[in-house]
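Take a look at the structure set out below.
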Amino acid sequence: MATQAKARKSKGKRSQWIMLGFFPLIAIGGLFYPLLGYLMPLMMAFLITNSYFHARY
């Protein structure tokens, strides 16, 4: 039981680190390529949704 919770927790952390890497890339790249900037609202929606389901108690 504990290993499943730990695996699920590490999976959530991994997605947060991946998004942390993409955030500046999309934010700065959106200044030069406007079509890339349209991904920013999608990324923000993903981060808000992810924080809702992986919130700390």
Side-chain angles (χ1 to χ4, degrees):
M1 210 52 163
T3 56
Q4 288 177 342
K6 188 174 182 179
R8 189 175 6 182
K9 188 175 181 181
S10 67
K11 184 179 176 185
K13 291 282 186 182
R14 186 177 16 190
S15 68
Q16 289 175 349
W17 281 107
I18 291 170
M19 286 297 156
L20 185 66
F22 279 126
F23 186 80
L25 178 74
I26 292 175
I28 295 170
L31 294 172
F32 302 106
Y33 301 104
L35 292 177
L36 187 63
Y38 288 128
L39 291 176
M40 191 56 104
L42 294 173
M43 178 174 270
M44 284 195 262
F46 173 78
L47 290 173
I48 290 170
T49 305
N50 192 25
S51 69
Y52 177 76
F53 288 111
H54 296 288
R56 294 182 183 181
Y57 295 102

(Q) Tell me every residue that passes side-chain contact (heavy atoms from CB on, under 4.5 Å) with Ile18, counting only those two or more places apart in sequence or in another chain. (A) Arg14, Phe22
Check the hydrophobic clustering (I, L, V, M, F, W, Y; side-chain heavy atoms under 4.5 Å; chains of links allowed) and say if [X] and [Y] are grouped together.
X	Y	answer
Phe23	Leu31	yes
Met43	Leu35	no
Tyr38	Met44	no
Tyr33	Leu42	yes

(Q) Please check if the number of heavy atoms outside Phe46 that lie under 6.0 Å from its CZ is greater than 12. (A) yes
Q. So, for Leu25 and Leu36, which heavy atoms are closest and what is the spacing to 0.1 Å?
A. O-CD2, 4.2 Å
